[in-house]
Amino acid sequence: MKILTSSFLVSSFLALSLLIPSTSFAFADKAQNKNVASGAVAQANHSRVDINKANAAQLSELKGLGSKKAQAIVDYRQAHGPFKSLTDLANVKGIGEKFIEKNAQYMKL
């Protein structure tokens, strides 16, 4: 009986040791697929902001643009009229070319 119990324990241990690594890989694959999928969804949901129509709250959704700079864009637009190009944003105090380059794909006229 002891031999039977020992061989059962050994075979059970071997079976479990084979299952554990494959299970962890399965979880890792699922996590990686989830991250890739959420990134694709985030890109698909990020609509382009019309810099000539957007309010400060909508503009502040752009990367690196806080509420004060967003309001500065709105104020500049009201004082000088609509932007003719995205590079015109550089005329707004606190908005640089780096910001425009990083966000060009998320903005439109």
Contacts satisfying ring pair (Phe, Tyr, Trp, His ring centres under 6.0 Å) that involve residues 52-73 (not counting sequence neighbours) are none

To the nearest 0.5 Å, tell me how far [X] [atom1] sits from [Y] [atom2].
X: Ser85; Y: Ile51; atom1: OG; atom2: CD1; result: 7.5 Å
X: Leu109; Y: Lys53; atom1: CG; atom2: NZ; result: 10.5 Å
X: Arg77; Y: Asn55; atom1: CZ; atom2: CG; result: 8.0 Å

My understanding is that only residues two or more places apart in sequence, or in another chain, count here; which of them pass side-chain contact (heavy atoms from CB on, under 4.5 Å) with Ala72? Val92

Looking at every heavy atom in both Ala70 and Ser60, which two are closest together, and how far apart are they? CB-N, 3.8 Å

So which of Asn52, Leu89, Leu59, Asp50 actually passes side chain to side chain contact (heavy atoms under 4.5 Å, CB included) with Met107? Leu89

Can you list every side-chain hydrogen bond (donor to acceptor under 3.5 Å, both in side chains) pair that touches residues 67-76, not counting sequence neighbours? Gln71-Asp75

Which atom pairs, donor and acceptor, lie under 3.5 Å between side-chain atoms of residues 95-104 and protein residues at least two apart or in another chain?
| from | atom 1 | to | atom 2 | distance (Å) |
| --- | --- | --- | --- | --- |
| Asn103 | OD1 | Lys63 | N | 3.1 |
| Asn103 | ND2 | Lys63 | O | 3.0 |
| Asn103 | ND2 | Phe99 | O | 3.1 |

Side-chain contact, heavy-atom cut-off 4.5 Å: Ile73 with Phe83? yes

